[in-house]
Protein chains: 2
Amino acid sequence: MTSYQIWQNDKTLINDLQDVEAMIDQHIRIKNKHIEAQIKKVTNNHGKMLRPVFVLLTSQIGNQYNREKAIAFAAALETLHMATLVHDDVIDQADTRRQISTLHTVKDNRYAIYAGDYLFSICFNMLSKYTEELNLLNYNARSMEKVLIGELDQLESRFTPPKSVKSYLSRISGKTAQLFAVSCYTGATESGASLRDRQRAYNMGKYIGMAFQIIDDILDVEGDEKNVGKPVMADIRQGIYTLPLIYSYQQQPETVGALLDKATPFSDDTIAQLKSAIDKTGGVLAAQKLATRYTKKALIVLNKLPDGDYKTTLKHIITDMLARTL
Amino acid sequence: MTSYQIWQNDKTLINDLQDVEAMIDQHIRIKNKHIEAQIKKVTNNHGKMLRPVFVLLTSQIGNQYNREKAIAFAAALETLHMATLVHDDVIDQADTRRQISTLHTVKDNRYAIYAGDYLFSICFNMLSKYTEELNLLNYNARSMEKVLIGELDQLESRFTPPKSVKSYLSRISGKTAQLFAVSCYTGATESGASLRDRQRAYNMGKYIGMAFQIIDDILDVEGDEKNVGKPVMADIRQGIYTLPLIYSYQQQPETVGALLDKATPFSDDTIAQLKSAIDKTGGVLAAQKLATRYTKKALIVLNKLPDGDYKTTLKHIITDMLARTL
């Protein structure tokens, strides 16, 4: 199951997410109805809506929970995420996203670039309409900067032999973990949480995001049955060297280095040899260990947050994410 | 002269613009210095800096002028403008901008898409750092939405025979006039101007922007000696039907319509015939009249604003823009 119906056991969450969906829909108002329909095809094609889920749950950390605001911020963060996906799909020239043709294939690249920009504006429209905290907006803008620096850094280092786990972690901390961190920070801040708890929420989100990206890297190597059609080692074929590969390179710099030195695009044979090297050197296992470490860190921070039902739900989600059932 | 040195007779303005440039520069901080240098090559390549000039001058409408803030908002609006240019250049596949190779040609499209997104974030970072008015941020975000709706609308209607002057005006009101309008509104708001004067500043900016785009359209048909190398009728070749062409089409729908029905890309011969049709039907003259009308409207609104030296400067600039000396 790829849509947010995976949350069906949690009626409140499903109800909230439906309102998040409706709020995004309301904000996309374009006189030219054909353009509106094209953009809505993108924005109605939700995934698991993990980022809004984190906004909604962390909105219960403080004691000023306000449902309308929580929905609005969840909608803003989901819209920001969708804006990045539209641009990512242009950049990767991906044909489909969640079984639906991507905007740049239905229309063209130019259209998708402007549509992504439009979604960025909608995000800041929502944030500035519903918050009273300018600081929160600044936090969101700076997070967006970090996401893009992470993406640019990844582009720069495509097909470059992996330097270190440290530089990998720094990149995914921007590219992926920032949006999770700022989602949790936004929920906590708007709920009136203490400064300390806001920072904790931020850290928890960041650890969740780190684990999420590492697991994504593992799925790239192992194959992801849930997303049928996604080819194995797709990232590596594109020159994005994932964590299991970096570990494997550290173990056998000569063998793996020689494979990575081959002409690109890599042949299927090179890809098979790289996969075999990762398997032999235990690259996936090492990555799995690090993902577990980040998950544990997230749970430790969660434990320090004020009590409430939201904690139980978050604990399940964080654990399920690691077990790859999410 | 293409840089902001055109303002050299106004020492205060030049001084302010240098600080705007420095402020933008300060905000671009990326650990990977290679990426930072690539982006700075774009952001240091200023044009006339018209939008910051309007922010700086309208910052003197109210009685709470604050130089640091005026500089910051001028920097934010210039950054927003540059973000749109980076994406426009990808979309138009333009090789150079102000005699310097565009980012997507030096690096690639993917790089330029993310770099543009990064500049959008910087704009919202600056706005949210320096303003105390959430409403102003919302205004900026919604303006950005309108700009993008205008761009999408223009993409959709490429190579479509022009419907009406009205639909043309609605499109350029988004695509071009919004950024001028919001620049003036931002200056006025931050200077503590009355609500009425803020609205006037907004309207003045909008009229300026409308005149600016119409003049740009005229330069596309007539050729622009200042920008050597820009081919005549470049917009029309790309299927963007400019105002002189729309007027010409209204005068001779059959002749012009038949030319526009030809296979695209248009041959040089078709372009020459279109240019000749525009000349015969007085399309440029009619467009010039409308630009004059908008300029007059801008000057009428300007006249209603509180007195101050800034008014004399603005009057000169608005008049010079129409006379195409700017």
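All chains are named by letter (A, B, ...) in the order of the sequence lines, taking the proteins before the strands, and each is independently numbered beginning at 1.
- Looking at Asp88(A), the atoms closer than 4.5 Å to chain B (heavy atoms on both sides) sit in the backbone and in the side chain alike.
- Distance check: Ile91(B) CD1 to Ile113(A) CD1 gives 4.5 Å after rounding to the nearest 0.5 Å.
- Contacts of Glu133(B) with chain A are made by backbone atoms alone, with heavy-atom separations under 4.5 Å and no side-chain atom involved.
- Close approach to chain A, defined as a heavy atom under 4.5 Å from one of its heavy atoms, is seen in no residue of residues 64-73 of chain B.
- Only the side chain of Ile39(B) comes within contact range of chain A, judged by heavy atoms closer than 4.5 Å.
- No side-chain donor-acceptor contact under 3.5 Å links Asn138(A) and Tyr130(B).
- Within the model, atoms OG of Ser167(A) and NZ of Lys31(B) stand 9.0 Å from one another, a figure rounded to the nearest 0.5 Å.
- Proximity to chain A is limited to the backbone of Arg29(B), based on heavy atoms less than 4.5 angstrom apart.
- In this structure, the portion of Leu155(A) lying under 4.5 Å from any heavy atom of chain B is its side chain and not its backbone.
- Between the CZ atom of Arg110(A) and the CG atom of Asp92(B) there is a distance of 8.0 Å, given to the nearest 0.5 Å.
- Around the NZ atom of Lys166(A), the shell of radius 6.0 Å holds no more than 12 heavy atoms that belong to other residues, nucleotides or ligands.
- Screening Asp117(A), Ile35(A), Asn32(A) for a side-chain contact (heavy atoms from CB on, under 4.5 Å) involving Leu152(B) leaves a single residue, Ile35(A).
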Side chain to side chain contact (heavy atoms under 4.5 Å, CB included) for Leu137(B) and Phe124(A)? Distances and angles first, verdict last.
CA-CA 8 Å; Leu137(B) 267 157; Phe124(A) 283 100; 5.9 Å; no
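- Taking all atoms of both residues into account, the shortest heavy-atom contact from Leu148(B) to Tyr118(A) is CD1-N, 3.3 Å.
- Taking the charged nitrogens against the carboxylate oxygens, Glu156(A) and Lys107(B) do have a contact shorter than 4.0 Å, which makes a salt bridge.
- Interface check for chain A: of the options Ser170(B), Ala115(B), Cys123(B), Ser121(B), the most heavy-atom pairs under 4.5 Å are formed by Ser121(B).
- Scanning residues 139-147 of chain A against chain B with a 4.5 Å heavy-atom cutoff picks out Ala141(A), Arg142(A), Met144(A), Glu145(A), ordered by number.
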